[in-house]
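Let me begin by presenting the structure, written as structure tokens, before commenting on it.
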Protein chains: 2
Amino acid sequence: MNYVSRQTLERLPVYLRFLKSQCIDGPINTSAKTIAEALSLTEIQVRKDLAAISDGGKPRIGYITKDLINDLEDFLGYKDVNDAIIVGAGKLGKALMSYKGFAEYGLNIVAGFDTSDEAVGTDEEGKPIFHLDRMEELCRRMNIRIGIITAPADYAQRIADKMVKSGILAIWNFAPAHLEVPDNVLVRNENMAASLAVLSKHLSEQLMNS
Amino acid sequence: MNYVSRQTLERLPVYLRFLKSQCIDGPINTSAKTIAEALSLTEIQVRKDLAAISDGGKPRIGYITKDLINDLEDFLGYKDVNDAIIVGAGKLGKALMSYKGFAEYGLNIVAGFDTSDEAVGTDEEGKPIFHLDRMEELCRRMNIRIGIITAPADYAQRIADKMVKSGILAIWNFAPAHLEVPDNVLVRNENMAASLAVLSKHLSEQLMNS
DNA sequence: TAGATTGTTAATCGATTAACAATC
DNA sequence: TAGATTGTTAATCGATTAACAATC
């Protein structure tokens with residue numbers, strides 16, 4: 001499979017979502033132009049992205065929708081299930097635990113962990129919340145590779161350390177904290193502050209010009 | 001104030017967070033090197049970013065921590081309060097409504113909206129949840145400019161349209177949907193599927209090489 | 001065949017990095 | 001003064017866009 005840049009990789013699920021959304025009564029073929037227009041991208045970019053992960057479309061016809069969906073799902077690994085655990089069973093943590101949509105992406109959150117007496121021992125949509133002390137053992141036993149951090153920032157680094165020790169290789173970090181991890185471990189920050197900065201900058205520019 | 005690229009803008013809150021985290025007993029001065037090492041960035045990048053938004057540091061000394069914090073907060077508008085509303089009072093919506101941390105960024109969620117009988121009429125951390133029909137009137141009356149979408153994808157575009165009609169200029173979209181809005185309105189997608197794609201790609205690469 | 005659409009090669013654009021002069 | 005650290009100008013790098021040949 002070809003090399004795919006970070007930017008391309010992030011667009012692929014967007015293409016897939018669009019293709020699936022039109023699939024029910026959908027056209028047999030879809031052109032790069034159609035996709036580009038629907039998603040406010042350029043035709044050329046869509047073609048280049050798709051060239052990297054599909055066997056290619058046919059001139060004058062476009063891509064076979066069904067095959068393209070298939071290729072995207074293959075490449076993104078949506079058909080394999082990745083088990084994950086989540087640390088921090090506050091409101092955000094519980095919201096993610098009970099979100100049904102992740103199944104579509106092959107993400108399966110198997111359990112939550114916390115240290116508070118209130119949370120530990122309860123369930124969230126049938127998913128158990130254990131004490132943090134039991135995390136390593138469960139991760140090892142179940143071969144968990146993905147960890148999600150929804151704990152307060154002060155604990156984030158310690159949790160990340162614990163995750164690394166438990167064999168986790170990819171961390172999805174919702175805490176406003178920079179995490180230090182070994183090279184083979186990837187951290188993806190869901191950086192709310194960055195998003196807010198972009199929103200609020202746009203706002204101040206808009207209001208300035210009026 | 002200088003032009004600041006999207007990438008720089010997204011890093012600024014990270015610098016600010018670091019500076020604040022060390023401020024209590026913190027050093028009077030902070031160098032670009034210190035910041036870069038703490039955040040796994042390069043010195044040069046930090047300097048260039050900071051040059052755009054501060055009066056500058058002093059050779060051999062670095063930046064005056066207190067002033068730098070001040071400049072960053074000014075630039076990012078953390079001292080002004082931006083009121084916002086949120087549509088979709090499910091678990092994620094409620095989690096965001098009750099998150100105290102947004103205050104630090106100058107974001108103030110004033111109310112939630114939903115259509116379900118269960119949610120409408122209730123409170124979340126003292127913030128009322130109204131019926132969606134009342135959104136436009138409240139936005140107009142309170143001059144709301146920021147809207148947050150935490151509703152199912154199927155409703156996202158209709159909600160966005162309603163937000164635009166209500167005078168909202170910046171939309172923070174958590175729904176897995178592409179939104180069409182006028183040019184003067186900015187959409188920031190919190191694209192979970194993109195994050196998962198990056199995590200899962202890393203994982204498959206790591207597991208392949210072992 | 002004609003023409004729409006693909007994939008690729010080259011050009012452009014913008015962000016990051018390097019080199020270096022300025023200065024406390 | 002010497003040397004650490006700043007800010008700026010130039011070089012590099014990578015992603016996007018444009019141009020165009022290939023083809024169904």
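First the proteins, then the strands, lettered A, B, ... as listed; each starts at 1.
- Considering only heavy atoms from C-beta on, B:I69 comes within 4.5 Å of B:L16 through its side chain.
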Could you walk me through whether A:L19 and A:T30 pass side chain to side chain contact (heavy atoms under 4.5 Å, CB included), step by step?
CA-CA 8 Å; A:L19 292 169; A:T30 310; 4.0 Å; yes
Let's test your reading of the pairing rules: Watson-Crick or G-U wobble, both distances under 3.5 Å, then write DNA chain D as a dot-bracket string with ( ), [ ], | and dots.
..||||||||||||||||||||||
Evaluate salt bridge (Lys or Arg N to Asp or Glu O under 4.0 Å) for A:K94 paired with A:E125, printing each intermediate quantity in order.
CA-CA 9 Å; A:K94 285 179 178 170; A:E125 297 279 328; over 6 Å; no
Taking only N/O atoms, report every protein-nucleotides 13-18 of chain C pair under 3.5 Å with atom names and distance.
residue, atom, partner, partner atom, Å
C:dT16, OP1, B:R11, NH1, 3.0
C:dT16, OP2, B:R11, NH2, 3.2
C:dT16, O5', B:Q45, NE2, 3.2
C:dT17, O4, B:K48, NZ, 3.0

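- The ring pair (Phe, Tyr, Trp, His ring centres under 6.0 Å) search around B:Y63 returns none, not counting sequence neighbours.
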Run the ring-ring contact (aromatic ring centres under 6.0 Å, His included) check on B:Y99 and B:F102 step by step: do they pass?
CA-CA 7 Å; B:Y99 180 56; B:F102 289 141; 4.8 Å; yes
Listed pairs under 3.5 Å, donor-acceptor, residues 166-178 of chain B side chains, sequence neighbours left out:
residue, atom, partner, partner atom, Å
B:S166, OG, B:K162, O, 2.7
B:W172, NE1, B:E190, OE1, 2.6
B:N173, OD1, B:A175, N, 3.0
B:N173, ND2, B:A175, O, 3.1
B:N173, ND2, B:A177, O, 3.0
B:N173, ND2, B:N189, OD1, 2.9
B:H178, NE2, A:S40, OG, 3.0
B:H178, NE2, B:E180, OE2, 3.2

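- Whole-Å rounding puts the B:D71 CG to D:dG7 P distance at 11 Å.
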For A:E104 and A:K20, run salt bridge (Lys or Arg N to Asp or Glu O under 4.0 Å): C-alpha distance rounded to whole Å, both residues' side-chain angles, the deciding distance at 0.1 Å, then the answer.
CA-CA 11 Å; A:E104 199 182 328; A:K20 275 175 152 178; 3.6 Å; yes
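- Under a 4.0 Å N-O distance rule, the pair A:R141/A:E136 does not qualify as a salt bridge.
- For B:K33, the side-chain contact (heavy atoms from CB on, under 4.5 Å) test picks out B:S31, B:E37, B:E43, with sequence neighbours left out.
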Every protein N/O within reach of nucleotides 1-5 of chain D N/O, cut-off under 3.5 Å:
residue, atom, partner, partner atom, Å
D:dG3, N2, B:R60, NE, 3.4
D:dA4, O4', B:R60, NH1, 3.1
D:dT5, O4', B:R60, N, 3.0

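- Under a 4.0 Å N-O distance rule, the pair A:E10/A:R188 qualifies as a salt bridge.
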